[in-house]
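See structure below.
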Amino acid sequence: MYTAHPDRYADMPYRRTGRSGLKLPALSLGLWHNFGPADRTVETQRAILRRAFDLGVTHFDLANNYGPPPGAAESALGEALKADFAPYRDELIISTKAGYLMWPGPYGEWGSRKYLLSSLDQSLTRMGLDYVDVFYSHRPDPETPLEETMGALHSAVQQGKALYVGVSNYSAEQTREAARILGELGTPLLIHQPRYSMLDRRPESEGLLDALDELQVGSIVFSPLEQGLLTGRYLDGIPEDSRAASDSPFLNSEALTEELVGKLRALDDIAKSRGQSLAQLALAWVLRGGRVTSALVGASSARQIEDSVGALGNLDFEDAELARIDAVING
């Protein structure tokens, strides 16, 4: 029987989420790619979860369609919760989402009340939970009134099936409107989950981070390592077992241009000058200054979690370092 490390809260910084009472660890564990698939052993998955929690990572982030196959990640977490984490449920933040394709037919994706609440019920069943801590609308629906989508999130809270609600992949304008609707309903918008990294700065350039500051809404960013590009894996070519070498729709070999590899090597030099790995530099960069509440990291091993948490030892940047990073990215 797993027993959590007694000093699990000693070193992890926790950041308040917007103006809520909820604090999240600076690093959260995302179960997007590495939980549920048959090529990842149950014991490896359990070891990642245990090591993360022992290091103070109290937040596990999922969505209904994470796997593959869809639903597999939630089912895998459900088994791990039952086997290892039942005594620690009140120390955990567990989130899930609905918005992308989950089942066939007109009610299996997007943002209708029918889909969102049905999906949440399915997610709770797979995980063996009575409630999730955060339930997200995973993407805006261009054909469903935002009032209906936000009303469904509000209902999830009213029904006791979610404690908080969030949105993901919403623009700054859509986020403002979602926050307004939820505020009128009496269920505040807790958090936004956008994609953000040194290589993808749209939350800055498109005004999303400014909107979240104004609204006092938290943020948890996904792909801060840009699907593995901002790690040391691709500094000397494309490893055979890497995501870029596979048929992944999220990263392929064509993305690894000579220009990009040159930038990655230059960023790696900056990381070394700070005593960090490239991945640690990338995580520290998104967490700099405190605008981002938490960064989501995936892991295929317990060691990767340890390396990610190591980034938290140096989140401060000199102006000259930030200028060097900008020059590399924009050069």
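Using modelled atom types, no side-chain atom of T144 and backbone atom of G111 make a donor-acceptor pair closer than 3.5 Å. In this structure, E226 contributes its side chain and L199 its backbone to no donor-acceptor pair below 3.5 Å. Checked by atom type and distance alone, the side chain of R274 pairs as donor or acceptor with a backbone atom of D316 at under 3.5 Å. Q158 contributes no side-chain N or O that, together with a main-chain N or O of S155, makes up a donor-acceptor pair within less than 3.5 Å. In this structure a side-chain-to-backbone donor-acceptor pair under 3.5 Å is missing from Q45 to A76.
Electrostatic pairing of R8 and D54 does not count as a salt bridge here, judged by no charged N lying under 4.0 Å from a carboxylate O. The pair R288-E204 meets the salt-bridge criterion, since a charged nitrogen lies less than 4.0 angstrom from a carboxylate oxygen. Taking a cutoff of 4.0 Å between a charged side-chain nitrogen and a carboxylate oxygen, E306 and R303 do not qualify as a salt bridge. Salt bridge annotation for R265-D269: absent, with no cationic side-chain nitrogen under 4.0 angstrom from a carboxylate oxygen. A salt bridge is absent between R324 and D319: the closest approach of a Lys/Arg side-chain nitrogen to an acidic carboxylate oxygen does not fall below 4.0 angstrom.
Figure legend: R139 and Y100 shown as a cation-pi pair, the cationic atom lying under 6.0 angstrom from the six-membered ring centre and within 45 degrees of its axis. A cation-pi arrangement, defined by a distance under 6.0 Å to the six-membered ring centre and an angle within 45 degrees of its axis, is absent between R46 and Y2.
The side-chain contact (heavy atoms from CB on, under 4.5 Å) test with V167 singles out one residue from Q174, Q193, M150, and that residue is M150. When the options L212, V286, T17 are evaluated for a side-chain contact (heavy atoms from CB on, under 4.5 Å) with S219, the one that passes is L212.
How far CG of L189 is from CG of L153: 8.5 Å, rounded to the nearest 0.5 Å. To the nearest 0.5 Å, atoms OH (Y136) and OG1 (T96) are separated by 10.0 Å. To the nearest 0.5 Å, atoms OG (S294) and CD1 (I191) are separated by 7.0 Å. A distance of 2.5 Å separates OG of S137 from OH of Y170, quoted to the nearest 0.5 Å. Taking CG of L209 as the reference point, atom OH of Y196 lies at 5.5 Å (rounded to 0.5 Å). Here the CZ atom belonging to R16 is positioned 11.0 Å from the OG1 atom belonging to T293, to the nearest 0.5 angstrom.
Side-chain N/O atoms of T58 and E91 include no donor and acceptor closer than 3.5 Å. Side-chain N/O atoms of S118 and Q122 include no donor and acceptor closer than 3.5 Å. One side chain, N64 or S119, offers a donor N or O that lies under 3.5 Å from an acceptor on the other.
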Problem - Residue pair I94, L81: steps toward the side-chain contact (heavy atoms from CB on, under 4.5 Å) verdict - result: CA-CA 11 Å; I94 297 172; L81 292 173; 3.9 Å; yes
Exercise for the section: Dump the intermediate steps for side-chain contact (heavy atoms from CB on, under 4.5 Å) on W110 and H138, then the final yes or no. Expected result: CA-CA 8 Å; W110 294 108; H138 206 169; over 6 Å; no
Practice task
Please report the C-alpha distance between R202 and L208 in whole Å, then the side-chain angles of each, then the deciding distance to 0.1 Å, and finally whether the side-chain contact (heavy atoms from CB on, under 4.5 Å) criterion is met.
Solution key: CA-CA 8 Å; R202 285 174 293 176; L208 178 61; over 6 Å; no
Exercise for the section: Please test M127 against K82 for side-chain contact (heavy atoms from CB on, under 4.5 Å), starting from the C-alpha separation and ending with a verdict. Expected result: CA-CA 9 Å; M127 291 187 284; K82 183 166 56 177; over 6 Å; no
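With contacts defined as side-chain heavy-atom distances shorter than 4.5 Å, the pair P13/L312 qualifies. For the pair L27/L55, no side-chain contact is recorded, criterion being any heavy-atom separation below 4.5 Å from C-beta on. Counting only heavy atoms from C-beta outward, the side chains of E74 and L31 never approach each other to under 4.5 Å. Under the 4.5 Å side-chain criterion, counting only non-hydrogen atoms from C-beta, L163 is not in contact with V157. A 4.5 Å side-chain heavy-atom check between W285 and F317 finds at least one atom pair inside the cut-off. Side-chain contact between E173 and R176: absent, with no pair of heavy atoms (C-beta onward) separated by less than 4.5 Å. L190 has its side chain within reach of V134: a pair of non-hydrogen atoms, C-beta onward, lies under 4.5 Å apart.
Under the rule for a salt bridge (Lys or Arg N to Asp or Glu O under 4.0 Å), the partners of E43 that lie at least two apart in sequence or sit in another chain are R50. The side chain to side chain contact (heavy atoms under 4.5 Å, CB included) search around K161 returns L120, D121, L124, Q159, not counting sequence neighbours.
H59 approaches S95 most closely through the heavy-atom pair NE2-OG, 3.1 Å. Taking both residues in full, the closest heavy atoms of L182 and V165 are given as CD1-CG2, 4.0 Å, listed atom of the first, atom of the second, then distance.
Placement of L260 and I329 within a single hydrophobic cluster is found when ILVMFWY residues are connected by side-chain heavy-atom separations under 4.5 Å, directly or transitively.
For Y88 and F53, the gap between ring centers is short of 6.0 Å.
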